[in-house]
Amino acid sequence: MAGSDADAAVDVLVVGGGIIGLASAWRARRRGLSVTVLDPDPGRGANQVAAGMLAPVTELQYGEEPLLRLGLESNARYAEFAAELAEASGGMDLGYRRCGTLAVALDADDRAELREVHAFQRRLGLDAEWLTGRECRRLEPMLAPGVRGGLLARDDHQVDGRRLGAALTAACERSGVVIDRARAAELTYADGTDGTDGADGADAGGERQVVGARTGDGRLLRAGQTVLAAGSRSGELYDGLPVRPVKGQVLRLRMDGPFAGFLGRNVRAVVRGVHIYLVPRENGELVIGATTEERGWDTTVTAGGVYELLRDAHELVPGITELPLAETGAGLRPGSPDNAPMIGPTGVPGLVAATGHGRNGVLLTAVTGELVAELLATGRVPELAAPFSPTRFRRPESAEVRAS
Ligand code: GLY
């Protein structure tokens, strides 16, 4: 039986088969490592609700330049990643669309703020063009007549997060990754404990080592290296990682028949201080997202959430009220204290992290898979991953404890 206590260790156990875990597993397998992914429902994490914007330029926030660099790198790799993945999955279509993104301002204050953002983007050498309101509406005729201006990021694209998850699952299975469809109950340490009693994984007896994970049905899966990629659950499995769930509610409308081509590219704005975006897919789906809520593990779709999304989207594109509402949903982003992911060694021997991707999981999937696989195969932290060390949140006193 796969994964019984009698099983030999695999090279790599990936705990969590969301898109980050699967991409890491697939890439590691391609480097010749034996890999098992542990997840009851692989490919169906937060990506199931994600709009799938690949938007490093228009998601840019002040003070997040390292994250921007990682996002740009992942975006630059996406076309090749999507092509390789389509082939490795046996020809699945990922809905990767090089459509660009238009970020618009709805009033004079928004316009002034967006102008500042544009200046910041230009200082960083990013490709973003300022457009007047009329130019915005020429590109997207369904925009509200009051749109005051906007910026066009030609390289902010989109991919279908659901198709991405399905393709990564197929690519893993076809390339020889074992997918164990069980829930991870806990990480397992060489001393037989579950690791939830210390922020740095060390105990009074010295350094502990992660040797795999125990499944919900009581089996021990042993591995030379364990990758914690359990999305918003990651902090639950190892409390040295400050990952928390950040709820996002999302709507799916249909642009069929007379509404085909309703929008041609991703459209976004900040309405009443809240980000709203509309992502039109080639298959006729229009995704509207997303709320950002700190509500623990709650994934209820609320009347208030739906109302706010529709209200704000309607201000931006009034015609949306004509479209059929096909689906509502809510998911949990794996949030991190500085909005940047945790990629690399955790400081606990045998335990690597690939989590905390927050709003950028879909975008960062391409680069994260490669960085994790490189680390696993070579033992060296790739330069690009260095700013995202999972140990960056440690308090100095825990370093003293370790040193003593
Ligand atoms: N990537 C956008 C969001 O998480 O809402």
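All ligand and atom numbering here is 1-based and tracks the order in the structure.
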* State, to 0.1 Å, how close V243 and G231 come at their nearest heavy-atom pair, and which atoms those are. => CG1-O, 3.6 Å
* Just how far is it from atom CZ of R392 to atom CE of M342, taken to the nearest 0.5 Å? ->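 Spacing of CZ (R392) from CE (M342) equals 6.0 Å.
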* **For atom 1 (N) of ligand 1, the protein heavy atom that lies nearest, with its residue and separation** =>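 The answer is R359 O, 2.7 Å.
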* For atom 5 (O) of ligand 1, find the nearest protein heavy atom and state the residue, atom name and distance (0.1 Å precision). =>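 Nearest neighbour among protein heavy atoms for atom 5 (O) of ligand 1, to 0.1 Å: Y277 OH, 2.5 Å.
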* To do: Report yes or no: does a heavy atom of E59 sit under 4.0 Å from some atom of ligand 1?
  => yes
* Assess R333 for proximity to ligand 1: is some non-hydrogen atom of it under 4.0 Å away? => yes
* Asked: Would E73 and R77 pass as an ion pair if we require N to O under 4.0 Å?
  ->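 Between R77 and E73 there is a salt bridge, with a charged N closer than 4.0 Å to a carboxylate O.
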* Is the OH atom of Y62 crowded by more than 12 outside heavy atoms at less than 6.0 Å? ->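 Count over threshold, so yes.
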* Could you tell me whether E113 atom CD has more than 12 heavy atoms of other residues or ligands within 6.0 Å of it? => no
* Asked: Considering only heavy atoms of A290, which atoms of ligand 1 have at least one such atom less than 4.0 Å away?
  -> 5 (O)
